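Comments concern the structure below.
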Amino acid sequence: MLNEQKVIIFQLKEEEYAIPVHEVKSIERMQPITRIPRTNSFIKGVINLRGVVTPIIDLRSRFDIEEAAYTESTRIIIVTAGSIDAGLIVDAANDVMDIDAESIEPPPEVVGGVDAEYLQGVAKIEKRLLILLNLTKVLNPEKITVLQPLESGK
Amino acid sequence: MEMTQYFDIFIEESKEHLTAINQQVLLLEKSPEELSIVNEIFRSAHTLKGMSATMGYEDLASLTHCMENVLDSIRNKKISVTTQLLDVLFASLDHLEAMVVEISEGGSGKRDVSKTVRDLEVLEKGQQSMPVSQIDNEPVNSAQTFDQYEKEIILQSKEQGFHAYELSINLRKDCILKAARVYMVFEVIEQIGEIIKAVPAVDMLEAEQFDSDFKLSVLTQESGEEVKQRILKVSEVDKVVVSEIYPGMLNDSVHSESEHPAEKVSNSSETKKENSSAHSTGSTVSGKTIRVNIDRLDQLMNLFEELVIDRGRLEEISKMLKSPELNETVERMNRVSGDLQNIILTMRMVPIEQVFNRFPRMVRGLAKDLAKNVNLEILGAETELDRTVIDEIGDPLVHLLRNSIDHGIEKPAARIAAGKNETGTIYLRAYHSGNHVFIEIEDDGAGINRQRVVDKALENGIITKEMSENLSDKQCFELLFASGFSTAEVISDISGRGVGLDVVKNKIESLGGLITVDSTRGFGTIFSIQLPLTLSIMSAMLVEVQNEKYAIPLSSIIETAIIRKDEILSVHNQKVMDFRGRVVPLVFMKEIFEVPPLIEASEHVPVVVVRKGDKMAALVVDSFIGQQEIVLKSLGQYLSSVFAISGATILGDGQVALILDCNALIK
């Protein structure tokens, strides 16, 4: 019982993913997002989160899963990793759970279409399969390729 | 004692004292006879010594102590102020500064200063044999004599309600750490007054070169009894004899120790209150200030920004509701928050003096190294700028000044040959104008050699032959800021290396400023820098591109216009328009920003003409919303380098609008 970890569970397509509670700042409903031109397509833009301009990432598109229309249950999970704060758009976020560290196994090569690079491990709890995300990798800014400026207005 | 809590204060104050000493030493160079300046330096040095000794930085304290001895000799007229002496003083200041910097970075403040200390000692002793009163050598037990200067101080402070006491302090015979006790006694006295003289001299006391008693002359507003009691609190002090020094006694060189009547003490202690504000030797009157951590000011600023956003929201609501009462309240709130904004902004303002202060030293040193005579005139040092700008502006200015001294001002011989004063002058000016601060660096040197600039630019492939033929003077001087450019014949380590001016230009532009240069051959060069007053709140024009809102900083807008579609011309596949006789390229925002098309373009096209230096472009938008004060927010670390976007702001309706970086749009 010593090595328990509290996690937030969210859905993406048919899979369930988990992020440690201490990396989650809040969970928000969908709200208008200001698009940022000429950035990667998974960066949906920025929102005003109580006075702080926060970037929003569509997690489906980040993991190359086909995008889906946003619904009533769509949520933005505001996470923090190192010095970076960002919001992740997920299909639904509805559960908090304790996971025993011993039940976490190293991830297989590809889980639900997500590259193992972004995963911390997989936890089997009863009949559920939880995929633990490695946020630092997911939020790695080096992965953002900003498009080069167009030839414009000489 | 727990020292960490005093650490920040120690660092801050040490820096202040060092700056003060620096300034005063420079003044002293100009008027070496002025004893009040020496006094001022002495006071700062002395405080610094006390502070560093208390904090346990011994090297710092001992070097300051040596400096103090020299200063003491100066004010006792034992030695006179010479260039050599000033150089040594400056060298010690450099050491002190380095030590303080090291301490502030968590170091121990240790530093090998033995050479400077030796120099100081030589100075102090070297000229000591001059036939001036040999105070230090008088037998310890005789009553103190005062030289002219000390008499003066005693008389002056008497007039201002201070008492002058002669204290004769006996330490216990078995006292082991005599120097420590002496130090503690000094500390105690300095809390309530000032020590003007010690017999034996301070250094001898500190070296424990005395028997068990010593005498001090002290200026204080406290009564003799109070002084006595305070000193007796220091352990191992055996006996304290207090006697007041009367002006009359000062005229005679020798006088006997006399216990003065007790009522005299109480009498004068009443009168002291009236004059308590006057300090005997303070020459600069400082306003009442408190120190506030910059973080707290930043927090205040953040909160205020939130308020500005809500104010915008309120304005919108009141426009919608059209209730006169609400309107009135909102307007009132606008005015109040406007005032509040001014106050908060000015709170963050610091005089540019902070940056300018270090220049006289630097100029002096550089001019010496280059064997040139340079006089630096500083004007408008009290001009205030936002703290964030101040922190950034130092390096560019250093660079420009170095540039002026190295390339601008000629050698004395060349100046005389040109019929100019042998000493070159550099004016460093700062002033406010509108929402901007201007800083100018002007020298009366040789000016820019146009031909050399052009040749160099050709050589480095910055311009082509054809371009070089019809360059205006201005365009030519602009070349100085091109990267990979250096006209110095010999690359010196002072300026040159060709990385200089373009870095300066980039820095200033990143601060939202502009830099221009103008020059007259043979008469000098002037660099002008224009800087915004603050970086966090700015005026911007809000525009709409399709249904996305963008803010364009007003500082880069020349004009807005609405043109008809048929006014758009095409040159080499580039859409352009005619703007007051100039051909200006059009930048279609919706294409550059890949905005999803929603609205069909109408017959009339709104454009915003923006500039970057001399270049212009017309940004094609879909509609203008209006002008607004916006609060600049960063996009955060995750989105640190987005093309043509310098940040974001939150609009009155809570939505985020992006701020355009026009510099990136114009090439």
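As the structure is a computational prediction, the values presented were derived from the model and not from experiment. Protein chains get the first letters and strands the later ones, always in sequence-line order, with residue 1 at the start of each. In what follows, every heavy atom counts, from backbone to side chain, and hydrogens, waters and symmetry copies are set aside.
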Taking atom [atom1] of [X] and atom [atom2] of [Y], what is their separation to the nearest 0.5 Å?
| X | Y | atom1 | atom2 | answer |
| --- | --- | --- | --- | --- |
| B:Leu639 | A:Ile43 | CG | CD1 | 5.0 Å |
| B:Phe643 | A:Ile36 | CZ | CD1 | 14.0 Å |
| B:Gln655 | A:Ile33 | CD | CD1 | 10.0 Å |
| B:Leu658 | A:Arg35 | CG | CZ | 9.0 Å |

Checklist line | Sidechain-backbone polar pair: A:Thr34 side chain, B:Ala657 backbone, donor-acceptor under 3.5 Å | finding: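 Pair absent, no side-chain N/O of A:Thr34 close to backbone of B:Ala657.
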Item checked: Shortest non-hydrogen contact between B:Tyr638 and A:Leu139, atoms and distance ->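 Closest approach of B:Tyr638 to A:Leu139, heavy atoms only: CE1-O, 3.3 Å.
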Next item on the list: Could you tell me which non-hydrogen atom of A:Val46 sits nearest to which non-hydrogen atom of B:Val656, and how far apart they are?
Entry: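 In this case the closest contact between A:Val46 and B:Val656 is CG2-CG1, 3.6 Å.
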Notebook entry, point to check: Of the listed residues (B:Thr649, B:Ile645, B:Leu635, B:Val584), which shares the most heavy-atom pairs with chain A below a 4.5 Å separation?
Noted result: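 The residue among B:Thr649, B:Ile645, B:Leu635, B:Val584 with the greatest pair count is B:Leu635.
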Next item on the list: Check each atom of B:Val576 against the heavy atoms of chain A and say whether the ones under 4.5 Å are side chain, backbone, both or neither.
Entry: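 Neither part.
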Notebook entry, point to check: Measuring heavy-atom distances to chain B, does A:Ile57 have an atom under 4.5 Å in its side chain, in its backbone, in both, or in neither?
Noted result: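 The answer is the side chain of A:Ile57.
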